[in-house]
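Keep in mind that the numbers below use all heavy atoms, side chains included, and drop hydrogens, waters and symmetry copies.
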Amino acid sequence: LFMVEDSGIGISAEDMPKLCSKFFRSSDQRVQSVVGTGLGLALSQEVARLHGGHLSIRSQLNQGSCFTLELPLR
């Protein structure tokens, strides 16, 4: 179990279902000002799946996010 938590800008409830979609980037101005492709979470989710694991995300806008990667022990 790996957890990464921050106290950053958070993610809106509207964006949460789309987060792991390839090339998705939030329309939030704070996100648009940062360079990125929108592939990081999509790739992370796929790597987790291929290893029999799971990626989960909890977030609250303007309060931060928690990303959890669960992988089985083999």
Side-chain angles (χ1 to χ4, degrees):
L1 181 70
F2 302 90
M3 294 176 71
V4 177
E5 193 166 3
D6 67 37
S7 57
I9 64 173
I11 303 160
S12 71
E14 178 183 301
D15 285 346
M16 288 295 287
K18 302 176 252 179
L19 273 185
C20 291
S21 300
K22 291 178 186 173
F23 304 108
F24 174 74
R25 304 234 21 237
S26 174
S27 59
D28 187 309
Q29 256 332 86
R30 298 171 291 183
V31 173
Q32 292 298 311
S33 66
V34 177
V35 177
T37 61
L39 287 173
L41 288 174
L43 291 171
S44 298
Q45 183 179 49
E46 184 63 8
V47 168
R49 185 190 69 77
L50 289 169
H51 285 88
H54 178 74
L55 176 67
S56 60
I57 304 163
R58 287 184 298 111
S59 186
Q60 191 159 4
L61 193 58
N62 300 315
Q63 292 189 15
S65 305
C66 181
F67 299 85
T68 304
L69 172 62
E70 295 179 62
L71 296 172
L73 291 175
R74 291 188 189 171

TODO: Given side-chain contact (heavy atoms from CB on, under 4.5 Å), test D15 with F24 step by step and report yes or no.
DONE: CA-CA 9 Å; D15 285 346; F24 174 74; 3.5 Å; yes
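Between the CG atom of L73 and the CG atom of L1 there is a distance of 10.5 Å, given to the nearest 0.5 Å. The distance from the CD1 atom of I11 to the CD1 atom of I57 is 6.0 Å, given to the nearest 0.5 Å. In this structure, the separation between CG on L55 and CG on L71 is 9.5 Å, given to the nearest 0.5 Å. Interatomic distance, L39 CG to S21 OG, rounded to the nearest 0.5 Å: 11.0 Å. To the nearest 0.5 Å, atoms CD (Q29) and OG (S27) are separated by 8.5 Å. Here L69 contributes atom CG and M3 contributes atom CE; the two are 11.0 Å apart, rounded to the nearest 0.5 Å.
In terms of hydrophobic clustering, with Ile, Leu, Val, Met, Phe, Trp and Tyr side chains grouped at heavy-atom distances under 4.5 Å, F67 and M16 are assigned to a common cluster.
In this structure, the side chain of R25 engages the main chain of G36 through a donor-acceptor pair within 3.5 Å. Although no hydrogens or angles enter the test, the distance criterion places no donor-acceptor pair under 3.5 Å between the side chain of D6 and the main chain of G64.
What you find for G52 and P72 is that their closest heavy atoms are O-CD, 3.4 Å. Closest non-hydrogen pair, S65 versus S59, comes out as OG-OG, 2.7 Å.
Shown here is E14, whose CD atom has no more than 12 heavy atoms of other residues, nucleotides or ligands within 6.0 Å. The number of heavy-atom neighbours closer than 6.0 Å to CZ of F2, taken from other residues, nucleotides and ligands shown, is 12 or below. The 12-atom threshold is exceeded at CZ of R30, counting heavy atoms of other residues, nucleotides or ligands nearer than 6.0 Å. Annotation: K18, atom NZ; neighbour count of heavy atoms from other residues, nucleotides and ligands within 6.0 Å is above 12.
Not counting sequence neighbours, S56 has no partner by the side-chain hydrogen bond (donor to acceptor under 3.5 Å, both in side chains) test. Take E5 and apply the side-chain contact (heavy atoms from CB on, under 4.5 Å) test, not counting sequence neighbours, and it matches C66. By the side-chain contact (heavy atoms from CB on, under 4.5 Å) test, Q60 pairs with Q63, sequence neighbours left out.
Residues L50 and E46 form a side-chain contact, since some pair of their non-hydrogen atoms from C-beta on lies under 4.5 Å apart.
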